[in-house]
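Right, one structure below, let's go through it.
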Amino acid sequence: MHWMMWFFWGSMVALIIGSVLVDFFTGRKYHLKEQERTLNQNIAEADALRDVERYNHQNGPF
């Protein structure tokens, strides 16, 4: 059972150190909130908004 603890915490430390190294070597250019969207993502968002407006029955004919 002791080896399971070392394996678990060792893998957690390895993930944290790996993410810090990736962040350092990529120059911190990956921000989850400020990612550039691709053209496919922009098209998909516009298509989804059109579908919402098409099936929006909250506004009646009057």
Side-chain angles (χ1 to χ4, degrees):
M1 281 299 197
H2 190 70
W3 64 271
M4 292 174 68
M5 179 193 68
W6 281 106
F7 178 76
F8 175 76
W9 289 113
S11 60
M12 291 294 141
V13 169
L15 283 173
I16 291 170
I17 291 174
S19 63
V20 169
L21 287 176
V22 167
D23 193 36
F24 177 75
F25 286 121
T26 57
R28 299 184 186 273
K29 67 179 179 179
Y30 293 108
H31 299 287
L32 293 177
K33 295 180 181 176
E34 299 176 6
Q35 282 184 342
E36 293 183 13
R37 293 191 286 180
T38 63
L39 183 59
N40 284 340
Q41 288 172 320
N42 290 335
I43 291 172
E45 183 182 4
D47 193 35
L49 289 175
R50 277 195 299 272
D51 280 344
V52 167
E53 287 299 320
R54 182 180 304 143
Y55 297 111
N56 187 1
H57 298 294
Q58 291 181 358
N59 297 331
F62 301 109

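Along the sequence shown, the residues carry numbers beginning at 1. Since the structure is predicted, the reported quantities are computational estimates derived from the model, not experimental observations.
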Checklist entry - Which other residues end up in the same hydrophobic cluster as Trp6, if Ile, Leu, Val, Met, Phe, Trp and Tyr are linked when side-chain heavy atoms come under 4.5 Å apart? => result Met5, Phe8, Trp9, Met12
Checklist entry - Atom CG of Leu21 and atom CD1 of Ile16: how far apart are they, to the nearest 0.5 Å? => result 12.0 Å
Checklist entry - With the 4.5 Å side-chain cut-off for hydrophobic clustering, are Phe24 and Leu15 part of the same group? => result no
Next on the checklist: I need the full list of salt bridge (Lys or Arg N to Asp or Glu O under 4.0 Å) pairs touching residues 40-49, with sequence neighbours left out, sorted by first then second residue.
Outcome noted: Arg37-Glu45, Asp47-Arg50
